[in-house]
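The structure appears right after this line, and notes come after that.
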Protein chains: 2
Amino acid sequence: MKLTEAKAQFISSWGAFGTHWGINRTMAQIHALLLVSARPLTQDDVMEELDISRGNVNMNMRDLISWGLVDRVLLPGERKEYFTAEKDIWKVATQIIKERKKRELDPMLKLLQQLENVDGDKKDADTKQFIETISGIRKFGGQADKMLDVMVKADESWFLGSLLKFFK
Amino acid sequence: MKLTEAKAQFISSWGAFGTHWGINRTMAQIHALLLVSARPLTQDDVMEELDISRGNVNMNMRDLISWGLVDRVLLPGERKEYFTAEKDIWKVATQIIKERKKRELDPMLKLLQQLENVDGDKKDADTKQFIETISGIRKFGGQADKMLDVMVKADESWFLGSLLKFFK
DNA sequence: TTGAATTTTCAAAACTTATTGAAAATAAAT
DNA sequence: ATTTATTTTCAATAAGTTTTGAAAATTCAA
């Protein structure tokens, strides 16, 4: 397969993949494009490569920057802004974990904690089931939370190396 | 907080949570409702509780069943079908992991393997970057894949117990 | 069988989210 | 200070997704 075709294939699949994870297709595609580009790109480059409008590129790029996945780069002597993506996939993953934990997991755990203290007779079947379900989810979420904390603090070789030994 | 209010709160938050993970709001809400119900519910129960149409309940319920998260239950002497959700959150999580791995991760890894064999000069910056990025993602994905395999085969106490010790 | 209860389907409508493109704002060069 | 290049914003529109509801299909009982 030729490079151009392979790139297109990767960008398209990565975009489709993203939509299963609550990320919009275009954002994932821009990210994919930057991931496989040896050099930083301008908004115009992205517009041309993906055939999308300037406003679209601009907004999604901002979003990628706010997720910490893309950086603005100023090339000396150039008027235009350039954009580049972190290429180390471990860093990408920990960055995403960090953000999603903050935006989604932590607030959910906080809510579950409150809901666990629902008032009412603990002998009532519905109340009992509610408390059991909520506390089950909270405990599980708490463990996941701890594990992700260690993960984002660890460095790749340590983490994957250890896990690998651990799981044979 | 009263039980009714707490339930409503949980169902609504779980629905919002779901949308961040590529799951539609209603499916997540039906799942939440079944998770906190002490007894199986009919389509009519769900229609009433969530104030949604019959067709909507029916389609999302099918989907939940295909994900292995909900079961049909036939109560003796009853004409209607009842539905119930697996309450053990570890089982729920491993079930979801198993399905998403099969539907998303495995095909992606297969694609990356193919893309790694792109033809072209490995000294060309673009080709080099492409191969490096793709193989980086593939290696990382491969590790994740292995870890998830162990997880879905393990049982909760073993897995979380071991991880907990492992991560202090 | 026939008829009533129940479930399933799916085209149309409602709703949600993403995209465009042109105008406004900003920044740099002359 | 003015012109020119570039980026940002956002109302309008397009595209995509979810929901409805009524008709068709199925299931069960008499």
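Lettering of chains follows the sequences in order, A, B, ..., and the numbering in each one begins at 1.
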Distances for protein N/O vs nucleotides 26-30 of chain C N/O pairs under 3.5 angstrom?
unit_1	atom_1	unit_2	atom_2	d
dA27(C)	N3	R79(A)	NH2	3.4
dA28(C)	O4'	R79(A)	NE	3.3
dA28(C)	O4'	R79(A)	NH2	3.3

With sequence neighbours left out, write down each residue that passes salt bridge (Lys or Arg N to Asp or Glu O under 4.0 Å) with [X], or none if nothing qualifies.
X: R25(B); value: none
X: D88(B); value: none
X: K7(B); value: none
X: E116(A); value: R138(A)

Rounded to whole Å, how long is the line connecting atom [atom1] of [X] with atom [atom2] of [N]?
X: D63(B); N: dT17(D); atom1: CG; atom2: P; value: 14 Å
X: R72(B); N: dT6(C); atom1: CZ; atom2: P; value: 15 Å
X: F83(B); N: dT6(C); atom1: CZ; atom2: C1'; value: 11 Å
X: Q43(B); N: dT9(C); atom1: CD; atom2: C1'; value: 12 Å
X: L50(A); N: dT20(C); atom1: CG; atom2: C1'; value: 15 Å
X: D44(A); N: dT7(D); atom1: CG; atom2: P; value: 7 Å

message: Going by ring pair (Phe, Tyr, Trp, His ring centres under 6.0 Å), name the residues that satisfy it together with F10(A), two or more places apart in sequence or in a different chain.
response: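 F10(A) satisfies ring pair (Phe, Tyr, Trp, His ring centres under 6.0 Å) with W14(A) only.
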Taking only nitrogen or oxygen atoms into account, show me every contact under 3.5 Å that the protein makes with nucleotides 19-21 of chain D, one pair per line with its distance.
unit_1	atom_1	unit_2	atom_2	d
dT19(D)	OP1	T26(B)	OG1	2.4
dT19(D)	OP2	T26(B)	OG1	2.9
dT19(D)	OP2	N56(B)	OD1	3.4
dT19(D)	O5'	N56(B)	ND2	3.4
dT20(D)	OP2	S53(B)	N	2.6
dT20(D)	OP2	S53(B)	OG	3.0
dT20(D)	OP2	N56(B)	ND2	3.1

message: Do R100(A) and W67(A) form a cation-pi contact, if we require the NZ or CZ to be under 6.0 Å from the six-membered ring centre and within 45 degrees of the ring's axis?
response: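 So R100(A) doesn't make the cation-pi contact.
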query: Going by side-chain heavy atoms closer than 4.5 Å, which hydrophobic residues are tied to L74(B), directly or by a chain of links?
result: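 Other cluster members: none.
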- prompt: According to the salt bridge (Lys or Arg N to Asp or Glu O under 4.0 Å) rule, which pairs have a member within residues 58-85 of chain A, sequence neighbours left out?
  reply: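 Sorted result for residues 58-85 of chain A: D44(A)-K80(A), R72(A)-E81(A).
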query: Would you say N58(B) reaches dT7(C)'s phosphate, i.e. side-chain N/O to OP1/OP2 under 4.0 Å?
result: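 No, outside the criterion.
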